[in-house]
S.K.: 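Below is a structure I'd like to ask you about.
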There are 2 protein chains.
Amino acid sequence: MLCDQTPSTDCILSKKKRVTLADVARLAGLSTSAASMILTGRPDTRLSPEAHARVHEAAATLGYRPNAAARALRTDKTQTLAFISDHIATTRFASGLIRGALAESEAAKQVMLVLETHGDPALETRAIDEAIDRQVDGIIFAAMRSREVFLPEISANMPMVMLNGTSKQCPTAILPDEFNGGRAAVRLLAEAGFSEGLVLVGHNADVEEGLFRSETVIRRLDGIRTEMAERSLSFDDELSSWNWEPENGYKLVKKYLKHERPKALLCLNDRLAFGAYQALAEAGLSIPDDTSIVSFDNDELASYLRPGLTTIALPHETMGREAVRMLLDAKADAGAQLVEMEAVVRGSVRDA
Amino acid sequence: MLCDQTPSTDCILSKKKRVTLADVARLAGLSTSAASMILTGRPDTRLSPEAHARVHEAAATLGYRPNAAARALRTDKTQTLAFISDHIATTRFASGLIRGALAESEAAKQVMLVLETHGDPALETRAIDEAIDRQVDGIIFAAMRSREVFLPEISANMPMVMLNGTSKQCPTAILPDEFNGGRAAVRLLAEAGFSEGLVLVGHNADVEEGLFRSETVIRRLDGIRTEMAERSLSFDDELSSWNWEPENGYKLVKKYLKHERPKALLCLNDRLAFGAYQALAEAGLSIPDDTSIVSFDNDELASYLRPGLTTIALPHETMGREAVRMLLDAKADAGAQLVEMEAVVRGSVRDA
DNA sequence: ACAATGTGCTAAATCGTTTTATCTTTGTGC
DNA sequence: GCACAAAGATAAAACGATTTAGCACATTGT
């Protein structure tokens, strides 16, 4: 070996071992215990101010960084969270959830392990195991569409929160306030003066009858119907579709336009609305002069359309942040927490 | 304590300690060393078949899972990778990168730590430190737009790959093959029989002169110009814009349509093309009957438009997968690796 | 003068693995 | 019979932190 003996000098041929707490202690002329206590900032220790200074200086000059594995082994804390989702990270639709979660966990000096299950129960179990093996400090379960999720059994003392979903096994959940979101959409149209010629696009009987297990859509419709009723309004028609892609919005509305001229469309999501734009354009109708449109989600699309689409936003980013906050708050038996859906007003609604 | 002494029975009041290798060994009637060797599947050990059976059985009945921290401490391996990006996880534009990386790392039995830096050098340094502290087995640096990235110094023996970017400090990189992508776009139009009335949308002089440090766009344009030249074609006009959002596509094309009727538009990305669709529709021109369009990226949008947008796809998912593969391959001084951009043909091109 | 109390620090155990070195049997060849 | 090897296992030392218990010395009160 051509290596020098002193550990602080760079070894050319060695693997440049990490500097350890012992190195810091040695340089500071103290024990590792002392160094540990000082660096972790223990409150009630009786070490001298000089000792503090020396240790901090030594750590700085050596560029000391604690070994996370060793610390985890001893303390059972890892400053690491797990974000286990069915499709969030891998699709663009709900990326706000992970964005918010990442932002907040960074603020809390945590890092995030991201695992995707594709909704496969086997992968779900595996993901949970992987997370627990690594002793994460908490787990966020995120669901693509708000829904009831079945989780494998988990040790009771692991902090958990459901994000955009609910589950028997996990009482605390973060959900969009779809009910009031639904009301807000109707309010937008009502306050613009519409009282007739209203059409609902995307209503799905199966969903409303609970055949499809989607908490969120039920509530969205609930809110819409409640607000309509309170204002003594009703839809001229409800165009029903199971699939909420642009294609369907286009077809539904195109067909409808053969015989009718609606004054306002309430689309159940932005992609349906996107299709509606296409159908209206083909029919030579102008938005919002001939037809107004309100919709839900505040997808990327909404801002690209002309005129911009007025829509009730899914507060994904806020939800993601909130999930991390709840997870790190010990008092987290808070049950379900609803996050407001704000109206994003663009140009697709004009006063009647 | 009301706890029973034997560690294998459930303690009602205790914290239900994890089952450890020692527990497994005890149940199997062997030493922890034996249990360790058997469970890690060491090849050259001389333990009896009976011993193997007993240990595996014990592990199974106890539901043993190794403690990752302890193992990491000993072996310096964590089965964990870091994905450090500027904006990938938090935006929808390049989510394919993370999707591919997650898929491949799952296949390789690794998990991924996801960190976002927002392009901030301070956060970049912090992210790297967090990753190294946790002894990740490798780091992927992902850049939103392919570009030259400056990284802080990193210990030399940490496997690294740049994804969608290049960097002096990290020789191995995964990039889209923009040059051939550019050629492919032109080929598509040329083979459809267009030889005049061609317009380039989004050309940016700054970029082409290298003022803006974007490797990828330069190559894309390079490919376009090369293929054009080889076929003795030229653009009637080049509509220039720094910003490639739908808004700009709309404005550029709308203005152009006041005096000209192009036969085919080559848009430098799908969002520009989206704007072009809007402008063409307003001008009463039909796609593809009056005007054909080819573009780049294969954004979500491309499939939503009617007719569907023919576009040269950014192979994000493949790139993500490839990045993980390179990272785990020891032979990874492979330099830059280009991933083919495939043409996705939809309905926006008709033979001239 | 001596117990009691404080002050500043350290030794050593511990977390749960992996790995090296070693130990006891048992069989084998000569 | 005896050396020697092979087989089947184990003890103990890491890995790098945190934490408990306690040591040595100085100060104080009586």
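Every chain is numbered from 1, with letters handed out A, B, ... down the list of sequences. Please read all numbers here as calculations on a predicted model, not as lab measurements. Every heavy atom of this structure was used, including side-chain atoms; hydrogens, water molecules and symmetry mates were not.
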S.K.: Tell me whether the side-chain N or O atoms of S33(B) pair up with the base of dA11(D) as donor and acceptor below 3.5 Å, since no angle test is needed here.
M.R.: yes

S.K.: Looking at dT20(C), dT18(D), dT10(C), which one has an atom nearest to any side-chain atom of M37(B)?
M.R.: dT20(C)

S.K.: Would you mind reading off the distance between E50(A) atom CD and dC9(C) atom P, rounded to a whole angstrom?
M.R.: 8 Å

S.K.: How close or far is atom C1' of dT18(D) from atom CG of L73(B), stated in whole angstroms?
M.R.: 13 Å

S.K.: So, is R71(A) close to the dT18(D) phosphate, meaning a side-chain N or O under 4.0 Å from OP1 or OP2?
M.R.: yes

S.K.: So, are E57(A) and R54(A) salt-bridged, with charged N and O less than 4.0 Å apart?
M.R.: no

S.K.: Just the rounded figure in Å: distance from P of dT10(C) to CG of L21(A).
M.R.: 12 Å

S.K.: Is there a side-chain polar atom (N or O) of T32(A) under 4.0 Å from OP1 or OP2 of dT10(C)?
M.R.: no

S.K.: Just the rounded figure in Å: distance from P of dG16(C) to CD of Q135(A).
M.R.: 8 Å

S.K.: Nearest whole angstrom, please: distance from the P of dT24(C) to the CG of L47(B).
M.R.: 18 Å

S.K.: Using a heavy-atom cut-off of 4.0 Å across all strands, would you classify A68(A) as base, sugar-phosphate, or nothing?
M.R.: nothing

S.K.: What is the distance from NZ of K77(B) to C1' of dT17(C), rounded to the nearest Å?
M.R.: 15 Å

S.K.: Check the pair T80(A), R134(A) against side-chain hydrogen bond (donor to acceptor under 3.5 Å, both in side chains), reporting the backbone distance first and the verdict last.
M.R.: CA-CA 9 Å; T80(A) 305; R134(A) 287 171 179 75; over 6 Å; no

S.K.: If you look at every heavy atom in L27(B) and L62(B), which pair is closest and at what distance?
M.R.: CD2-CD1, 3.4 Å

S.K.: Could you tell me whether R26(A) and D23(A) make a salt bridge, using a distance below 4.0 angstrom between a side-chain N and a carboxylate O?
M.R.: yes

S.K.: How far apart are the C-alpha atoms of L39(B) and H56(B), what are their side-chain angles, what is the distance that settles it, and do they pass the side-chain contact (heavy atoms from CB on, under 4.5 Å) test?
M.R.: CA-CA 7 Å; L39(B) 289 178; H56(B) 279 120; 3.7 Å; yes

S.K.: Write down the distance between CG (L62(A)) and P (dA17(D)), rounded to a whole number of angstrom.
M.R.: 11 Å

S.K.: For the base of dA7(D), is there a side-chain donor-acceptor partner from S48(B) under 3.5 Å away?
M.R.: no

S.K.: So which nucleotide from dT17(C), dT18(D), dA17(D) ends up closest to the side chain of N67(A)?
M.R.: dA17(D)

S.K.: In terms of the nearest nucleotide of DNA chain D, which residue is placed more toward the 5' end: D76(B) or L30(B)?
M.R.: L30(B)

S.K.: Which sits closer to the 5' end of DNA chain D, R65(A) or R46(B), going by the nucleotide each is nearest to?
M.R.: R46(B)

S.K.: Taking atom C1' of dG16(C) as reference, at what distance in whole Å does atom CG of L39(B) sit?
M.R.: 13 Å

S.K.: Tell me what S36(A) touches on the nucleic acid: a base, only sugar-phosphate, or nothing, going by heavy atoms under 4.0 Å.
M.R.: base

S.K.: At 4.0 Å (heavy atoms only), tell me whether A69(A) reaches a base, stays on the sugar-phosphate, or touches nothing.
M.R.: nothing

S.K.: Side chain of A70(B), heavy atoms from C-beta onward: which of dT19(C), dT17(C), dC15(D) has the nearest atom to it?
M.R.: dT17(C)

S.K.: Whether D133(A) and R18(B) form a salt bridge (side-chain N of Lys/Arg under 4.0 Å from carboxylate O of Asp/Glu) is what I want to check.
M.R.: yes

S.K.: I want to verify a distance call: between dG16(C), dA13(C), dC9(C), whose nearest atom is closest to the R74(A) side chain?
M.R.: dA13(C)

